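The structure under discussion appears below in the form of structure tokens.
Only a predicted model underlies this, so the values are computations on that prediction, with no experimental measurement involved. Just so it is clear: chains get the letters A, B, ... in the order the sequence lines come, proteins before strands, and each one is counted from 1.
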Amino acid sequence: MLDIKNLHAAVEGNAILKGINLTVKPGEVHAIMGPNGSGKSSLASVLAGRESYEVTDGSVDFLGKDLLDMSPEVRAREGLFLAFQYPVEIPGVSNINFLKTAVNEIRAYHGEPPMQAKAFLDMLKSKQKLMEFDANLMNRSLNEGFSGGEKKRNDIFQMAMLEPKLAIMDETDSGLDIDALRIVSAGVNKLRSKDNAFVIITHYQRLLEYIVPDFVHVLYNGRIVKSGTKELALELEEKGYDWLKEDIRLEEPVQ
Amino acid sequence: MTTATKHISFNEALPALFGAQFSANGWFAGREAALQQFLALGGIPTVKVEDWKYTNVVPFFKNDIQITLPEVPEVTAAQLEAAATLIPDAHRLVLVNGVLQQHLSQLPPAAQVTVSRLSEAGTQPAVELYFNQSPKINEHHFAQLNSALFNDGLFIEVKAKAIVEQPIQVIHLYAAGQSRLFNPRHLVVVNEGASVQIVESAAGLGLTDTVVINSVTESIVAERAQLSQYQLQTGGNQLRFINQNLVEQKGKSLYNNYTFTLTDSDFVRNNLNISLDEERTETHMYGFYIAAGTQVIDNHTSVDHRMPHCESNELYRGVLLDKATGVFNGKIYVHEDAQKTNAFQQNNNLVISPEATLFTKPQLEIFADDVKCSHGCTIGQVSEDALFYLRARGIGEAEARNLLVKAFAFDITAKVTIPAVRKHVEQIASQYLNA
């Protein structure tokens with residue numbers, strides 16, 4: 001589904017990603033962990049197409065197409081979804097109107113007619129129930145005045161509505177209390193299937209108790225320096241990242 | 001003959017034209033004095049006049065612009081419906097070239113509201129009391145020109161304690177066979193404890209050349225009265241607007257002004273001057289404008305806080321595209337006696353094109369020491385973060401920008417309290433923004 005090869009990226013001339021290799025298959029959940037500043041969120045931004053990042057080398061294949069060649073909206077329409085670390089407040093755009101526009105633009109891209117109002121509302125209701133999302137938030141402006149937890153839940157709700165093939169969750173657990181974390185994780189688990197995949201970016205192992213990954217990767221200094229199964233996350237929780245940093249320094253050529 | 005007249009300026013040609021048709025027109029005795037005052041002020045203002053620094057109107061007053069009394073053609077209901085969007089469940093006053101058309105209008109109940117042509121209202125006590133009496137009216141070039149040349153207009157008087165439930169929609173239609181100047185003149189008096197909402201718009205009818213509409217409205221909001229005025233400037237590309245709205249508020253009154261400029265007109269200048277004459281008044285001013293092409297849209301507002309315990313709140317927003325020019329000038333005077341004043345002003349602009357220009361100038365003059373005043377203006381772009389968020393959900397860039405601009409606008413239209421009017425405004429704004 002996703003095949004990242006030797007991905008290099010920079011912001012304002014500073015190299016941030018320095019050769020990422022990662023393959024994600026349908027049905028898999030990958031966790032990407034790492035210390036602050038290792039490039040985790042940058043990887044999410046590059047995959048979603050944020051324009052401030054410049055890809056300097058490498059390739060990303062998404063469902064047989066060149067992802068890096070697509071605009072952010074085309075990536076979304078092809079089935080990529082980014083759950084934001086900081087979902088944006090947009091006063092004056094209603095949640096419901098925003099979702100309807102997004103759903104219909106994605107449908108139009110696939111040559112499907114716009115959804116009928118009734119069908120859209122039915123879908124909205126069933127997903128609200130599934131995601132335990134407060135219906136009162138639907139009629140408000142997009143994320144305006146939402147608490148941190150409500151914003152994250154709204155992102156997951158959007159994910160349920162848009163039914164992506166690959167969801168990248170950028171530190172979705174940051175700023176969540178334990179109840180919100182449980183609800184968000186339950187939502188993600190309900191959406192998991194053999195046909196879709198998740199890349200979960202997180203600083204802490206805590207989230208991975210709720211969303212159990214198939215693979216865990218450690219990102220450090222713009223590269224994946226270690227990969228393993230869910231046990232690796234436990235090891236990181238126990239030992240921290242410092243032991244890895246030591247290992248890496250030994251491997252790197254003296255400058 | 002033609003070549004010779006080309007060298008005579010509008011200002012020079014005016015006295016002779018005035019003498020021929022206007023000096024003895026109707027009941028108003030102050031025309032000659034207004035003409036002299038207009039000329040004393042220097043006639044049509046050039047960009048050397050501070051209030052007209054960014055907006056050059058001189059080219060609009062070439063000497064082939066007709067200033068004779070306009071004729072009033074017959075207009076059918078079908079023509080009206082083609083030219084204007086009618087608000088359902090509203091009273092309706094339709095004017096053609098400044099003259100009220102009974103057959104196209106649906107007047108509010110006479111028990112609540114007196115409506116007549118201004119030209120026929122000379123003996124009304126309210127006219128004698130208030131007409132041409134607004135403070136500082138003598139300082140405004142175009143108000144003086146209007147006082148000298150106005151042909152007709154509306155007189156609306158809401159009786160004391162009358163609560164007019166349905167809004168009054170006022171539609172101004174303008175028809176002319178050549179370039180000309182119209183000078184409609186209106187007086188709105190809302191008596192003690194009364195309440196009314198007036199929604200105004202203008203449209204051209206088969207215009208073949210540009211016309212300048214130099215409109216003056218004087219509005220009196222008596223004690224405990226409430227007046228909401230909506231200016232929906234949506235007219236076509238042959239109209240140029242110079243509006244002057246002079247408002248006086250008495251004690252404990254409420255005045256709301258909504259000015260939405262979503263027009264194809266190449267030039268709009270709005271002057272809104274509000275004088276708070278007595279204590280404990282409340283005033284809200286909301287404006288929204290979109291300027292595209294080479295349009296010039298200029299809003300000048302002023303609020304005079306003369307007495308204590310008055311509150312004014314102003315929020316204007318604009319979107320500038322292409323090579324358009326926007327001007328916002330917001331004056332707030334807090335006079336020495338106006339203690340406990342609350343005055344707020346905000347002007348936010350999205351300047352989307354690198355070739356567009358915006359001038360914004362908050363101007364606060366405060367002579368009282370126990371007041372709360374704040375002002376702010378911003379000039380910016382659509383938020384890149386918001387844009388990316390929408391695009392990351394599959395919404396195309398153009399549509400995402402459109403949504404964000406609409407959101408910026410609908411924040412203002414949401415201030416409209418009458419549902420039917422809000423729907424009307426949002427519909428117009430949507431159509432305009434989608435085009």
Side-chain angles (χ1 to χ4, degrees), chain A residues 44-53 70-95 97-110 112 140-144 151 154-155 157-164 167-168 170, chain B residues 258 260 262 286-290 315-319 346 348-350 352 376 378 380-416 419 422-423 425-434:
Chain A
S45 292
V46 169
L47 292 178
R50 206 183 266 277
E51 276 159 3
S52 48
Y53 289 83
M70 301 174 193
S71 65
E73 56 268 35
V74 170
R75 297 178 196 207
R77 293 166 189 170
E78 287 284 350
L80 187 94
F81 184 93
L82 174 65
F84 282 66
Q85 185 176 2
Y86 304 109
V88 182
E89 292 194 21
I90 309 184
V93 174
S94 84
N95 234 334
N97 187 27
F98 154 73
L99 268 176
K100 201 195 275 172
T101 308
V103 166
N104 284 334
E105 287 227 3
I106 292 169
R107 288 175 67 92
Y109 180 78
H110 294 288
E112 294 162 19
R140 301 226 322 241
S141 279
L142 185 50
N143 290 330
E144 191 187 18
K151 285 180 189 171
N154 195 13
D155 252 28
F157 173 69
Q158 289 168 20
M159 185 161 87
M161 286 294 292
L162 302 180
E163 299 175 335
I168 300 162
D170 186 8
Chain B
Y258 304 81
F260 297 106
L262 304 161
Y286 299 108
F288 184 75
Y289 44 92
I290 299 176
L315 176 59
Y316 269 65
R317 281 191 170 175
V319 178
Q346 188 74 234
N348 309 116
N349 298 282
L350 287 180
I352 288 173
T378 61
Q381 311 282 317
V382 171
S383 153
E384 286 299 318
D385 282 342
L387 195 60
F388 180 68
Y389 191 82
L390 296 177
R391 293 177 73 190
R393 296 293 175 260
I395 299 171
E397 187 178 354
E399 178 64 23
R401 276 186 196 282
N402 198 294
L403 265 177
L404 291 173
V405 172
K406 271 187 192 167
F408 185 74
F410 287 173
D411 234 23
I412 301 279
T413 57
K415 310 290 184 194
V416 176
R422 181 154 95 206
K423 203 174 151 201
V425 171
E426 289 183 345
Q427 204 177 333
I428 291 167
S430 269
Q431 280 168 4
Y432 194 86
L433 289 165
N434 287 337

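- In this structure, no portion of A:E89 lies under 4.5 Å from any heavy atom of chain B.
- Not one N or O on the side chain of A:Q158 forms a donor-acceptor pair closer than 3.5 Å with the backbone of B:R393.
- The distance from atom CG of A:L142 to atom CG of B:L390, rounded to the nearest 0.5 Å, is 7.0 Å.
- Shortest non-hydrogen contact noted between A:E73 and B:I395 is CB-O, 3.5 Å.
- Top candidate by heavy-atom pairs under 4.5 Å with chain B, chosen from A:P164, A:P87, A:P72, is A:P72.
- Two residues are said to be in side-chain contact when any heavy atoms from C-beta on lie closer than 4.5 Å; B:R391 and A:E51 meet this criterion.
- When all heavy atoms of B:A407 and A:G92 are compared, the closest pair comes out as CB-C, 3.6 Å.
- Contact of A:N97 with chain B is made through the side chain alone, with heavy-atom distances under 4.5 Å.
- Annotation for B:L403 and A:V93: closest pair O-CG2, 3.8 Å, computed over non-hydrogen atoms.
- At most 12 non-hydrogen atoms from other residues, nucleotides or ligands lie less than 6.0 angstrom from OH of A:Y86.
- Separating the OH atom in B:Y389 from the CZ atom in A:F98 is a distance of 5.5 Å, to the nearest 0.5 Å.
- Here the OG-CZ distance, from A:S45 to B:F388, works out to 6.0 Å after rounding to the nearest 0.5 Å.
- Of all the listed residues (A:L80, A:L82, A:V88), the one sharing the greatest number of non-hydrogen pairs under 4.5 Å with chain B is A:V88.
- Remark: side-chain polar atoms of A:R77 are paired, donor with acceptor, to backbone N or O of B:G394 under 3.5 angstrom.
- What you find for A:A76 and B:A392 is that their closest heavy atoms are CB-O, 3.3 Å.
- In this structure, no portion of A:L99 lies under 4.5 Å from any heavy atom of chain B.
- Using a 4.5 Å cut-off between heavy atoms, A:R75 does not touch chain B at all.
- By the 4.5 Å heavy-atom criterion applied to side chains, B:E397 and A:S71 are not counted as neighbours.
- At distances below 3.5 Å, at least one donor-acceptor pair connects side-chain atoms of A:E105 with backbone N or O atoms of B:G396.
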